[in-house]
Trainee: 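Here's a structure for you.
For this chain, numbers begin at 1 and follow the sequence in order. We use all heavy atoms of the structure for the numbers below, so side chains are in, but hydrogens, waters and symmetry mates are not.
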Amino acid sequence: MTRNISAQPTAITQIPAAVVFCEGNFAKIDGKTANGLVRHSEAYRIVSVIDSSRSGENSGDVLDDLSNTIPILKDLDAAVAHATFMPDTFIYGMAPSTGRLSASDRGVVLDAIGRGMNIVSGLHEYLSDDTEIAQAALENQVTVRDIRKPKLSKDMRLFDGSVANVEALRIAVLGTDCAIGKRTTATVLAGALNAKGIKTVLVGTGQTGLMQGAKYGVAMDAIPPQFCCGELEGAIVAASEAEQPDVILIEGQGALSHPAFCTSAFILRGSQPDAVILQHAPKRAHRCDFPNMPMPTPASEIALIEAFSDTKVIGVTLNHEGMSEAEITTTIASQTEKLRLPVTDALSRPSARLLAMVVAAYPGLQQRTPVAAI
């Protein structure tokens with residue numbers, strides 16, 4: 001299969017080199033942070049992935065059947081030995097459902113600190129608040145960056161409706177489950193729009209997008225509910241004022257229909273999107289981490305989104321996990337006919353199809369004047 005996102009940024013000067021720790025989980029759902037960083041990273045130059053279960057393999061081959069320059073190694077010793085220089089950063093590349101650091105992983109983090117590596121974590125457990133880790137970081141003069149650690153509530157903003165004054169077309173990329181590829185699809189689409197001369201800014205809403213280098217955004221699931229809509233609104237307004245883009249893409253989280261998450265509701269309320277693109281995994285039988293909770297259909301999720309928010313779903317994108325090439329082709333055709341919407345796969349099909357999905361709904365974008373056609 002072809003892949004449409006570059007594994008590394010084009011300019012690597014001054015970008016910190018990083019090792020991504022993903023023991024036992026690379027290319028799996030709980031390894032979504034590592035998966036995302038291997039596919040795209042502007043903030044860090046990923047030099048290797050640690051996962052002893054796939055040691056010796058190429059991370060690009062494992063993820064997308066397309067080789068890259070990032071090997072998978074068995075442990076931190078191997079990662080340091082492989083590097084031509086000491087990597088600056090150790091990224092904890094997993095997003096376990098517990099959101100917490102295991103005892104064995106704690107030892108690896110402390111080992112990395114002892115080697116003089118800065119730590120980046122997206123866990124719900126803040127490593128900078130951990131006495132042992134914080135002391136070790138102080139002694140070794142390294143930093144601990146907790147992506148999900150929010151600012152003080154006194155510094156957070158409430159929703160005030162200013163997002164309505166944003167002139168850029170706002171498109172949210174939502175999904176039928178968590179860890180389903182919303183961020184990846186949004187990244188591919190942002191690249192395709194910008195390449196076409198349609199200035200686009202991606203607003204991140206989760207830890208991986210922020211680690212990848214999203215200039216605007218907030219980790220939604222770490223914000224107190226009363227501030228979620230306002231904080232997202234603030235990021236969108238800031239992006240609009242600073243960048244003057246034609247399009248603002250908003251990364252989705254969870255699923256509106258998923259009872260374990262409320263982030264999609266806040267994203268719809270806070271961003272007030274003009275349109276939505278829905279990501280779905282046809283072969284996923286149940287919600288990840290919830291074996292007794294069947295997946296919704298794209299049609300049911302679309303109906304819920306359009307009932308909940310004053311917006312319109314303009315297309316569907318697939319996560320092709322567990323699917324053959326023939327199945328992808330057949331599913332795209334059948335879902336296009338069933339939903340009466342354009343359907344594509346952001347990774348296995350040309351990004352031009354994703355671009356066409358947006359331009360079909362908003363043909364005025366080609367003249368850099370967003371005009372809805374739906």
Trainee: Given 3.5 Å as the limit, does a donor-acceptor pair link the side chain of E321 with the main chain of A281, or not?
Mentor: no
Trainee: Going hydrophobic residue to hydrophobic residue with side-chain gaps under 4.5 angstrom, can you get from I250 over to L304?
Mentor: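 Result: yes, single cluster for both.
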Trainee: With sequence neighbours left out, what residues match D221 under salt bridge (charged side-chain N to carboxylate O under 4.0 Å, His left out)?
Mentor: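 If we apply the salt bridge (charged side-chain N to carboxylate O under 4.0 Å, His left out) test to D221, skipping adjacent residues, the hits are R148.
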Trainee: Could you tell me whether the side chain of F227 reaches within less than 4.5 Å of the side chain of L158, counting heavy atoms only?
Mentor: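 L158 vs F227: side chains touch.
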Trainee: Backbone N or O of M156 within a donor-acceptor pair of the E231 side chain at under 3.5 Å?
Mentor: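 No; zero donor-acceptor contacts below 3.5 Å.
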Trainee: Could you check whether S240 and E167, counting side-chain N and O atoms only, form a donor-acceptor pair closer than 3.5 Å?
Mentor: no
Trainee: Return yes when atom CG of D310 has more than 12 non-hydrogen atoms of other residues, nucleotides or ligands closer than 6.0 Å, and no otherwise.
Mentor: no
Trainee: Shortest non-hydrogen contact from A34 to V20?
Mentor: CB-CG1, 3.5 Å
Trainee: Kindly give the heavy-atom pair with the smallest separation between I15 and R45, and that separation in Å.
Mentor: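 So the two residues come closest at CG2-N, 3.4 Å.
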Trainee: Apply side-chain hydrogen bond (donor to acceptor under 3.5 Å, both in side chains) to Q253 and list each qualifying residue two or more places apart in sequence or on a separate chain.
Mentor: T205, E251
Trainee: Side chains of R100 and L123, heavy atoms from C-beta outward: is any pair under 4.5 Å?
Mentor: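 Result no, sub-4.5 Å side-chain heavy-atom pair not found.
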Trainee: For I277, which of V358, L341, T344 qualifies under side chain to side chain contact (heavy atoms under 4.5 Å, CB included)?
Mentor: V358
Trainee: State which residues pass side chain to side chain contact (heavy atoms under 4.5 Å, CB included) with A78; sequence neighbours excluded, sorted by chain then number.
Mentor: L73, K74, D75
Trainee: Can you label the angle between the F261 ring and the F290 ring as parallel, tilted or perpendicular, going by 30° and 60°?
Mentor: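 Ring orientation of F261 relative to F290: perpendicular.
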Trainee: Looking only at the side chains, is there a donor atom on one of R349 and T329 sitting less than 3.5 Å from an acceptor on the other?
Mentor: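 Distance-only check passes for R349 and T329.
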Trainee: Please tell me whether I70 and M211 are part of a single hydrophobic cluster in this structure, the criterion being side-chain heavy atoms less than 4.5 Å apart.
Mentor: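 In one cluster: yes.
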Trainee: Main chain of M94, side chain of D30: is a donor-acceptor contact present, judged purely on distance under 3.5 Å?
Mentor: no
Trainee: Are K215 and E42 close enough for a salt bridge, meaning some N to O gap below 4.0 Å?
Mentor: no
Trainee: Using side-chain heavy atoms (C-beta onward) and a distance below 4.5 Å, is V316 in contact with I302?
Mentor: yes
Trainee: Backbone N or O of S121 within a donor-acceptor pair of the Q207 side chain at under 3.5 Å?
Mentor: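 Checking the backbone N and O of S121 against the side chain of Q207, no donor-acceptor pair under 3.5 Å is found.
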Trainee: Looking at every heavy atom in both V49 and C22, which two are closest together, and how far apart are they?
Mentor: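 Where V49 meets C22 most closely, the heavy atoms are CG1-CB, 4.2 Å.
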Trainee: Same cluster or not: M323 versus V343, using hydrophobic residues (I, L, V, M, F, W, Y) connected whenever any side-chain heavy atoms lie under 4.5 Å apart?
Mentor: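 Yes, it is one cluster - the side chains of M323 and V343 are joined through contacts under 4.5 Å.
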Trainee: Is there a donor-acceptor pair under 3.5 Å between the side chain of D246 and the backbone N or O of I198?
Mentor: no
Trainee: For the side chain of E301 and the backbone of S257, is there at least one donor-acceptor N/O pair under 3.5 Å apart?
Mentor: yes
Trainee: Apply side chain to side chain contact (heavy atoms under 4.5 Å, CB included) to A192 and list each qualifying residue two or more places apart in sequence or on a separate chain.
Mentor: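 Side chain to side chain contact (heavy atoms under 4.5 Å, CB included) check on A192 returns S351, L355.
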Trainee: Can you tell if the side chain of V166 reaches within under 4.5 Å of the side chain of V237, non-hydrogen atoms only?
Mentor: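 The answer is yes; the side chains approach within 4.5 Å.
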Trainee: Is there a donor-acceptor pair closer than 3.5 Å between any side-chain N or O of T33 and the backbone N or O of A95?
Mentor: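 Side chain of T33 to backbone of A95: no pair is present.
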Trainee: Between M293 and H258, does the side chain to side chain contact (heavy atoms under 4.5 Å, CB included) criterion hold? Intermediate values first, please.
Mentor: CA-CA 9 Å; M293 193 181 293; H258 203 311; 3.8 Å; yes
Trainee: D177 pairs by side chain to side chain donor-acceptor pair (under 3.5 Å) with which of Q279, R287, R284?
Mentor: R284
Trainee: Side chain of T187, backbone of R183: donor and acceptor closer than 3.5 Å?
Mentor: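 A pair under 3.5 Å: yes.
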Trainee: Got a sec: does the CD of E139 have more than 12 other heavy atoms crowding it under 6.0 Å?
Mentor: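 More than 12 heavy atoms, drawn from other residues, nucleotides or ligands, come within 6.0 Å of this atom.
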Trainee: Determine all donor-acceptor pairs shorter than 3.5 Å in which one atom belongs to a side chain in residues 109-116; sequence neighbours excluded.
Mentor:
from	atom 1	to	atom 2	distance (Å)
D111	OD1	R115	NE	3.0
D111	OD2	R115	NH2	3.4
R115	NH2	D77	OD1	2.3

Trainee: For N118, which residues count as a side chain to side chain contact (heavy atoms under 4.5 Å, CB included) partner, sequence neighbours excluded?
Mentor: T89, V142, T143
Trainee: What heavy-atom pair brings A27 and N35 nearest, and what distance separates the two atoms?
Mentor: N-OD1, 2.9 Å
Trainee: Is N319 reaching over with its side chain to a backbone N or O of I180, donor-acceptor style, under 3.5 angstrom?
Mentor: yes
Trainee: If every non-hydrogen atom of V163 is compared with every non-hydrogen atom of S271, which pair is closest and at what distance?
Mentor: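 For V163 and S271, the tightest heavy-atom pair comes out as CG2-O, 3.6 Å.
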Trainee: Heavy-atom distance under 4.5 Å between the side chains of F266 and L232, does that happen here?
Mentor: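 Result no, sub-4.5 Å side-chain heavy-atom pair not found.
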Trainee: Rounded to the nearest 0.5 Å, what separates atom CG in L174 from atom OG in S309?
Mentor: 9.0 Å
Trainee: Using a 4.5 Å cut-off on heavy atoms from C-beta on, say whether the side chain of Y362 contacts that of D274.
Mentor: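 Yes; the side chains approach each other to less than 4.5 Å.
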Trainee: So which heavy atom on V19 is nearest to which on P87, and how close?
Mentor: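 So the two residues come closest at CG2-CG, 3.7 Å.
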Trainee: Between F26 and E57, is there a side-chain heavy-atom distance shorter than 4.5 Å?
Mentor: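 They are not in side-chain contact.
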Trainee: State whether a side-chain donor-acceptor pair under 3.5 Å links S162 with N165.
Mentor: no
Trainee: Is the backbone of G254 close enough, under 3.5 Å, to the side chain of K182 for a donor and an acceptor to pair up by distance?
Mentor: yes
